Each structure stands twice: as structure tokens, then as C-alpha cells.
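Contents: one structure, followed by commentary.
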Amino acid sequence: MSTLTIPSATSPRDDATQLHRAFKGIGCDTGVVVSILAHRDATQRDDIQQEFETMYSYDLKKELSSELHGHLKKAVMLWMQNSLDRHVTTLRQALTGPIIELKAATEIICSRASSQIRQIKQAYTSAHGTHLEYDIQAHTSGNHKELLLAYINVSRYEGPEMDRVLVENDAKTMHKLGEKKFGMDDKILIQIFSERSRSHLVALASTYQKLYGKELRRAIKKGTTGNFKFALLTILQCANNPAKYFAMVLRKAMKGLGTKDTTLIRIVVTRAELDMQKIKEEYNKLYKKSLTDAVHSETSGHYRTFLLSLLGSTDH
């Protein structure tokens, strides 16, 4: 479900040569950089970097970092990393950077499967010499912190089967704790949302609705607050329909005054080769407007061209 468009015949050597030419002289031919890199998949980008270093004995990423600027630079630098390194870089920045972005860190953790989180944790320690747990403990608090720590340390089943009896018991437990008093019981919520599989949570939402005539999502919204609420809803929505979740995040980033470019870049770059086609469909369904039109109206210049290229739009 990738939206990336790639020319039928490409050569890493030709690409490296063209990029080198684009960097030479006064200023950078940014149009050439965008036209090449926005139309190459992960393997091709890797090959270009290796070829560039072999031919010119210096690092392509460093050159891009010094030649590009602003939002385009952020987008291209993230694009040039492999998927795992992107998660690690974004998480580290979100948790320890000059501006702490707990929602971004929460989104990355709570939208990933158990097996992906294991890889992220290993790569995080290798890259930064510290454990992801340590940075979560240092920069989050309360029930939000407890949920994130539980979520990254529990191995969840990733298959489609589920225990119907356990699903019903969870629905009854959540209703009893959530509806009979103010607020939901955090410990129970942390246990259910960190230990249960995605298929279990989808069945739980459906069972809760059948038994009580109310959406589980609304019950969580009513019974929890802050980053804890955001984490629970992210887990639930990504279990049910990740494409719809990311469509909603993109809408929020572009709604109102000013665009949240960090969010826009993160979602477009990380999902372009995964499920962006589905995200575009969900966006259209939800907002009766194409995602490419929305991005076009919120961005400009080479930055706009780059993002639209990743979204598979030829109209820019």
C-alpha cells in the first residue's frame, strides 16, 4: 500500500553522479535532489548512499545536511534513514530534545507491534548507550509512564485468535470500574491495554458496544485524562484501524492556524512505503477532501514537492 512512484530504470551510480553535480558550485540544485530521492525506495536509497561514498569518499547524508534547509532538510534527513533508525531518532528527540514531545513518543510506541518494539529497544540502546526505559522514566510521569513502560516490556500475541470469555470478562471489568465511579481504574486499564493483543482489543471494543450500547473509545475519553488518555486511545485505534488513526493525526496537524510540520513530516515519511495508500483513502472518507490537496495547501516550494512525491502525486 505504498504511494511511492519509482521510474522503471534507475542506476545508483547515475543517481550518485547527478546528486554530486547538484551539490557543486554556489548553492544546491534542490530540484534535482528532490526529483531523485523522493522517487527511490529504501533499498535504492541505501545503494545510492554506498555508491556516493565509493565514488566521492564522503558521506551523502552529511552533504544533504549541509546543503538543505528548514522543513525540507528535516523531511529528507528522516527519509534517508532506514525504518528502524527513524523510530529511534524520533523517539530520542521526542523524549530528550530541546522540546519534549510526549505525544510523538507515545504515538511511535503505542502504534507499533510487540516485535517491532523489541527491535526499537535494541537499536535505541546501540545508538544512544542508554535504555529506552530510562528515558521514558526520566521524561514521563504517573499512569502515562506506567503504561508506556508496561507496553514496551510485555510480549503481546500478534495473531488473529482471541479468547472470547476473556474478552467478555475484560468488557465487564472495564464497565464496572469505569461506569460505577468517576474515572476508570488505571491499573486495570494498564494491564488490559499493555497485555492484550490487537485482535483482542478490537473484539473488546465490539463486545463493550454490544453489552452496554456505548463506544469503548468514548468511555476511555470520559474516564481518563492527558497523555494517559492519548496513549490508551492510540493503542485502541491502531488495533482497530491504523490507517484511519494516522489520517486523523494528519488532519489535526494541518487544521487551524499554522501547520505542525514535525508531525506532518513524521507521518508522511514513515508511512509512505507502508500503508499511505490506505491512509489517503481513510482521509478522503473522513474529511471529503484528498490528503494531497490538504498537503498542497499547507506547504510550499521544494518541501511541498517532496511530500507530494512521497504521497504519489504527480500534480506539483
Side-chain angles (χ1 to χ4, degrees), residues 1-93 97 116 119-120 122-129 261-262 264-277 295 299-316:
M1 300 302 281
S2 166
T3 47
L4 205 60
T5 55
I6 301 162
S8 51
T10 67
S11 149
R13 178 169 281 266
D14 287 350
D15 288 343
T17 306
Q18 282 191 63
L19 286 168
H20 183 251
R21 276 198 208 117
F23 299 139
K24 283 173 81 177
I26 299 165
C28 167
D29 191 340
T30 312
V32 170
V33 174
V34 168
S35 70
I36 293 171
L37 297 180
H39 295 282
R40 303 293 183 270
D41 64 25
T43 306
Q44 290 169 324
R45 296 194 301 277
D46 226 26
D47 290 344
I48 293 167
Q49 288 182 78
Q50 286 175 29
E51 197 66 54
F52 194 92
E53 194 161 344
T54 304
M55 291 169 77
Y56 305 110
S57 302
Y58 63 100
D59 188 80
L60 174 58
K61 279 186 198 157
K62 280 184 183 165
E63 192 65 14
L64 289 166
S65 182
S66 69
E67 293 286 352
L68 303 176
H69 307 282
H71 297 315
L72 176 65
K73 175 179 170 175
K74 279 183 198 166
V76 172
M77 295 313 293
L78 198 61
W79 181 240
M80 293 306 287
Q81 292 185 311
N82 66 46
S83 174
L84 190 56
D85 288 345
R86 266 184 222 143
H87 296 330
V88 170
T89 303
T90 312
L91 265 175
R92 177 71 171 178
Q93 224 168 352
Q116 290 174 304
Q119 293 178 322
I120 290 168
Q122 285 172 357
Y124 196 95
T125 305
S126 301
H128 302 295
D261 289 282
T262 309
L264 181 58
I265 289 165
R266 184 178 72 251
I267 307 298
V268 172
V269 168
T270 57
R271 310 308 294 190
E273 293 179 274
L274 288 174
D275 55 357
M276 187 49 80
Q277 193 56 51
V295 171
T299 55
S300 62
H302 292 300
Y303 170 51
R304 171 198 277 167
T305 305
F306 186 73
L307 291 188
L308 291 178
S309 297
L310 298 191
L311 291 170
S313 169
T314 51
D315 182 26
H316 48 262

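The shown structure was predicted, so the numbers you read here are calculated from the model rather than taken from an experiment.
Nearest approach of W79 to L37, heavy atoms of both residues: NE1-O, 2.8 Å. In this structure, G27 and E67 approach most closely via the heavy-atom pair C-OE1, 4.3 Å. Here the closest heavy-atom approach between residue K73 and residue L68 is recorded as CD-O, 3.3 Å. Across all their heavy atoms, H39 and T5 have their closest contact at ND1-O, 2.8 Å. Closest approach of L264 and T299 over heavy atoms only: CD2-CG2, 3.9 Å. Considering all non-hydrogen atoms of both residues, A16 and Y56 come closest at O-CE1, 3.8 Å.
Annotation: side chain of Q49 is not in contact with side chain of P12 (no heavy-atom distance under 4.5 Å). The side-chain heavy atoms of Y303 and I265, taken from C-beta on, include a pair separated by under 4.5 Å. Between T89 and R92, every side-chain heavy-atom pair lies at or beyond the 4.5 Å cut-off. In this structure, V33 and L72 have side chains that are not in contact, with every pair of non-hydrogen atoms separated by 4.5 Å or more.
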>> Walk me through whether V88 and H128 qualify under side chain to side chain contact (heavy atoms under 4.5 Å, CB included).
In response: CA-CA 9 Å; V88 170; H128 302 295; 3.5 Å; yes

>> Could you go through D59 and E53, starting from their C-alpha distance and side-chain angles, then the distance that decides it, and tell me whether this counts as side chain to side chain contact (heavy atoms under 4.5 Å, CB included)?
In response: CA-CA 6 Å; D59 188 80; E53 194 161 344; 4.1 Å; yes

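Not counting sequence neighbours, the partners of T125 by the side-chain hydrogen bond (donor to acceptor under 3.5 Å, both in side chains) test are H131. Taking the salt bridge (charged side-chain N to carboxylate O under 4.0 Å, His left out) definition, one finds that D47 meets it with nothing, sequence neighbours left out.
Of the inter-residue distances, the one linking D41 atom CG with T10 atom OG1 reads 8.0 Å to the nearest 0.5 angstrom. Here M77 contributes atom CE and K62 contributes atom NZ; the two are 10.5 Å apart, rounded to the nearest 0.5 Å. Interatomic distance, CD1 of I48 versus CG of D15, reported as 4.0 Å (0.5 Å rounding). Between the NZ atom of K74 and the CG atom of D261 there is a distance of 7.5 Å, given to the nearest 0.5 Å. In this structure, OG1 in T90 is found 7.0 Å from CZ in R266, a value given to the nearest 0.5 Å. Separating the OH atom in Y58 from the CZ atom in F23 is a distance of 7.0 Å, to the nearest 0.5 Å.
V268 pairs in a side chain to side chain contact (heavy atoms under 4.5 Å, CB included) with only one of the listed residues (L78, T3, L307), which is L307.
A distance-only check finds no donor-acceptor pair linking the side chain of Q18 to the backbone of I36 [under 3.5 Å]. The closest donor-acceptor contact from the side chain of S66 to the backbone of E63 lies under 3.5 Å. S309 contributes a side-chain N or O that, together with a main-chain N or O of T305, makes up a donor-acceptor pair within less than 3.5 Å. Put simply, the side chain of S35 gets close to the backbone of V32: a donor and an acceptor are under 3.5 Å apart. Side-chain N or O atoms of Q122 include none that pairs as donor or acceptor with a backbone N or O of Q119 at under 3.5 Å. Judged purely by atom type and a 3.5 angstrom limit, S2 has no side-chain atom pairing as donor or acceptor with the backbone of L274. Judged by distance alone, with hydrogens and angles left aside, the side-chain atoms of R45 form no donor-acceptor pair with the main-chain N or O of M80 at under 3.5 Å.
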